[in-house]
Asks: 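Quick one: this structure, given as structure tokens, is what I'll be asking you about.
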Amino acid sequence: MLIRTAARRRAAATAATACALAVALTACSGTTKDSAQKDTGDTGAASAEANPDAALKKGLKLAFLPKQINNPYEKIVDEAGIKAAAEYGGTGKEVGPSDASASSQVSYINTLIQQRQDAILIAANDPNAVCGPLKQAMKKNIKVVAYDSDTAKDCRQLFINQASSEQIGRSLVQHLGEQIGYKGKIAILSATQNATNQNTWIEFMKDELKLPKYKDMELVKVAYGDDADQKSFQQTQGLMQAYPDLKGIISPTTVGIAAAARYLGDSSYKGKVVLNGLGTPNQMRKYVKNDTVEQFSLWNPEELGYLGSYAAAALASGQITGAEGEKFKAGKLGEYTIGKDGEIILGEPTVFDKKNIDKFDF
Amino acid sequence: MGMAPDTQTAPRPAAKAPHERGATPGERVKAVGLRWDSAVGALLVAVFVVGLSTTDGFASGENLAFAFNDIAEVALIALPMTLLVVAGQVDLSVASMLGLGSALTGALWNAGWAFELIVPVVLLVGVAGGLLNGWLVTRVGLPSLAVTIGTLALYRGLASVALGSDAVTDFPRTYADWAVDTTTIPGTFITYPIALFIVLAAATAVLLHSTSFGRSLFAIGAQEEAAYFAGIRVKRFKLILFMVTGVFAAFAGIVFTLRYGSARADNGLGFEMLVIASVLLGGVDFDGGKGTLFGAVAGVLLIGVLKNLLTLNDVPNEVQVIVTGLLLVASVLTPRVIATVVERRHRRAADATDATS
């Protein structure tokens, strides 16, 4: 007994000393957030001269890296991009992880570097987790174009944005507001908690809701369906259980809106809850036709992939470097100009409803 | 108690003494030659050679550094997990502890703590997590599978509480550079996390195979009660194992955070399966009492190299998952099949000897 107590006392003393030492260490020479801020230098992306007259190189190798390989929306984007590559004599392929976690794209980037692709097009799951390998790729003269969901700005040369985030966020709130007469509780059904694009849109939605005309509309919850059909379905179910008097749901993700429509369409809430958001015509057609959903919007994902493909080719051919103000031709879509921070905006989102939905097939 | 009392606690073929008498030393060597861990080692070498000869870019030092560093955290956690499984236990909460370690690193960093202080605190949290697992298993007497399924959810939940959905990214270069895929020991393709793994793996191998502690783990895994009556402090040993596993998982959380430059609560989601798959692939028996650290390490490396090779050859992710799954099924099945075959041969040899004499 005596021995055990002594041993314990000794252990406690050791622990105390270690802690004191650690604290002392911190006080004199610790690395804290403030002290570390100084050493984050910039590796810089755009450096070479652009030659706007250069022809698109033949035989360019492009790789599309979506958030996850089975994301139906990104599949459309990637396939259109791969098709576009054939137009200018290049080849494209789509590779990627089966889950949309932060780190899962990293090993793919690493292998794409080994395969010496000419350009990587990425929809980032996490703007920073992919940064290291993307910088490594750019160092090896592999061009990096982000699409759909941006990386940190210094980790890619271009970002192809579907529409300005502000436009998307605000217009969804405007549409829903009109539909519910600017009155009642609303909720958002998003994808993952970390999706850069989703979160930016949601910020603009919240900002739009601050305007006086929305004073009778209340955002009660942002739910996350993780871009999984089943989870999005369950989240919708949960929303309706928690807020039976909910008037509207905005789901700015194609998986989420389809799952929400499926739930609402089969429940007593059909016709009582307005669902709006971003979806693809093929997924939403039957819900528009059976009056579960009146309207939704989206840009044309095929055009997004097409534009990304041409932008990557222009980079790899030296027509552009990613600097603001540079112009390039994107095949049948015509000329685009690079905006601030290497951002290229595809255009305004299209609103789909009963009248026009049959004109689209994607 | 062992992990799955229903199926595998029946006496193993090796324990059936009557048939053993016909086995010649030659046959025994042959049986050893069929050992699964050596087979996995050979498979690893084979995959490596195939990679070198068929795939552009595979042999480059940069790619090898990527391929191995990519599994650094899984490899680190696989070390204590091997000891746990040998002792007939399992810890499913390791990936959640990795996430908690990562989230805590981010949260404390955001709060302005010094990185040098964050590390020991995170490691202490790992110890505490392991202590809770071990306490519930040894003192409350719950099966480790059930306990760690619970703490799997608990630790991931705590991680979300600590950091929410934020991602903390601006870690000091002085430390981050040690973990990234591109920093290697000069002149080699060995990254620092992997170098650390090699050192720890060597130490763990000695611990498991050359110390009385290691022998005790095998004894506990094979027959816990017998081990207890033989004077082995079963509960104490298990408690220590869970604590060590907790601290390794928390440490892996720090490595993961620095390597990706991104602290998040959902980091390492699903890694526990990868760790356990690697250990089982290496021939460590899920029922406890059998296995080698060499096998476990070979299993981890095989999964890493195979994944890299398949990705380089544009094999779609779905197929990769299938390949890993098949390997795993094979790894659990093959040793059993071999054991049965060897057993039959022994019996036949024994029968033949009986007949002639």
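In this text, all values refer to a predicted model and were calculated from it rather than measured experimentally. Proteins get letters first, then strands, A, B, ... in listed order; numbering begins at 1 in each.
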Asks: What heavy-atom pair brings Q115(A) and T311(B) nearest, and what distance separates the two atoms?
Replies: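 The pair with the smallest heavy-atom distance is NE2-O, 3.6 Å.
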Asks: Please examine the side chains of W113(B) and T32(A), heavy atoms only from C-beta on, and report whether any two atoms are closer than 4.5 Å.
Replies: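 No. Closest side-chain heavy atoms not under 4.5 Å.
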Asks: Please look at D266(B) and chain A and tell me whether the side chain, the backbone, both or neither of the residue comes under 4.5 angstrom of a heavy atom of that chain.
Replies: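 Contact with chain A is through the side chain of D266(B) alone.
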Asks: Side chain, backbone, both or neither: which part of D314(B) has an atom under 4.5 Å from a heavy atom of chain A?
Replies: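 Interface part for D314(B): both.
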Asks: Does anything in residues 194-207 of chain A reach chain B? List residues with heavy atoms under 4.5 Å apart, or say none.
Replies: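 Residues of residues 194-207 of chain A touching chain B at under 4.5 Å: N194(A).
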Asks: Between N110(A) and D181(B), do the side chains contain an N or O donor and an N or O acceptor separated by less than 3.5 Å?
Replies: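 Distance-only check passes for N110(A) and D181(B).
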Asks: In terms of heavy-atom pairs under 4.5 Å, which option from V180(B), N63(B), V119(B) contacts chain A the most?
Replies: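 Among the listed options, the one with the most contacts to chain A is N63(B).
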Asks: Can you tell which of T182(B), N69(B), L269(B) has the highest number of heavy-atom pairs within less than 4.5 Å of chain A?
Replies: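 Max contact count across the listed options: T182(B).
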Asks: Examine whether an atom of S101(A) lies under 4.5 Å from a heavy atom of chain B, and if so say whether it belongs to the side chain, the backbone or both; otherwise answer neither.
Replies: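 Contact with chain B involves no heavy atom of S101(A) at all.
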Asks: Would you mind checking which part of E62(B) comes under 4.5 Å of any heavy atom in chain A, side chain (CB onward), backbone (N, CA, C, O), both or neither?
Replies: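 It is both, since atoms from each part get that close.
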Asks: Taking NZ in K231(A) as the centre, count heavy atoms belonging to other residues, nucleotides or ligands within less than 6.0 Å. Is the count above 12?
Replies: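 Yes.
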Asks: For N70(A), which atoms come within 4.5 Å of any heavy atom of chain B: side chain, backbone, both, or neither?
Replies: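 For N70(A), side-chain heavy atoms alone lie under 4.5 Å from chain B.
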Asks: For L112(A), is it the side chain, the backbone, both, or neither that has a heavy atom closer than 4.5 Å to a heavy atom of chain B?
Replies: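 Neither the backbone nor the side chain of L112(A) comes within 4.5 Å of chain B.
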Asks: At their closest point, which heavy atom of T31(A) faces which heavy atom of Y175(B), and how far apart are they?
Replies: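 Looking at all heavy atoms of both residues, the closest pair is OG1-CE1, 3.5 Å.
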Asks: With a 4.5 angstrom heavy-atom cut-off, which part of N313(B) approaches chain A: side chain, backbone, both or neither?
Replies: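 When you check distances to chain A, only backbone atoms of N313(B) fall under 4.5 Å.
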Asks: Under 4.5 Å heavy-atom distance to chain A, tell me which part of N308(B) shows up: side chain, backbone, both or neither.
Replies: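 Both parts, backbone and side chain.
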Asks: Identify which part of L312(B) has an atom lying under 4.5 Å from any heavy atom of chain A, answering side chain, backbone, both or neither.
Replies: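 Both the backbone and the side chain of L312(B) come within 4.5 Å of chain A.
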Asks: Go through N110(B), N267(B), V321(B) and name the one with the most non-hydrogen pairs under 4.5 angstrom from chain A.
Replies: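 Winner by heavy-atom pair count: N110(B).
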Asks: Heavy atoms only: give me the nearest R264(B)-N125(A) pair and the separation to one decimal.
Replies: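 The pair with the smallest heavy-atom distance is NH1-O, 4.3 Å.
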Asks: Who wins among G132(A), G96(A), C131(A), S103(A) for the most heavy-atom pairs under 4.5 Å with chain B?
Replies: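 The candidate making the most pairs under 4.5 Å is S103(A).
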Asks: N317(B) and Y108(A): side-chain donor and acceptor closer than 3.5 Å?
Replies: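 Their side chains do contain a donor-acceptor pair, which is all the 3.5 Å distance test asks for.
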Asks: If you tally heavy-atom pairs under 4.5 Å against chain B, which of E94(A), Q136(A), R116(A) wins?
Replies: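 Winner by heavy-atom pair count: Q136(A).
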Asks: At under 4.5 Å between heavy atoms, what parts of residues 50-61 of chain B are in contact with chain A? List them by residue number.
Replies: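 Residues G57(B), S60(B) are the ones that qualify, each having a heavy atom under 4.5 Å from chain A.
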Asks: So F66(B) and S107(A), do their side chains get closer than 4.5 Å, heavy atoms only?
Replies: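 S107(A) vs F66(B): side chains apart.
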Asks: Heavy-atom pairs under 4.5 Å with chain B are the metric here; pick the option from I69(A), V95(A), D126(A), V106(A) that has the most.
Replies: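 Highest number of heavy-atom pairs under 4.5 Å: D126(A).
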Asks: For S262(B) and N128(A), which I'm curious about, is there any donor-acceptor pair between the side chains at under 3.5 Å?
Replies: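 No pair is found: no donor N or O on one side chain lies under 3.5 Å from an acceptor on the other.
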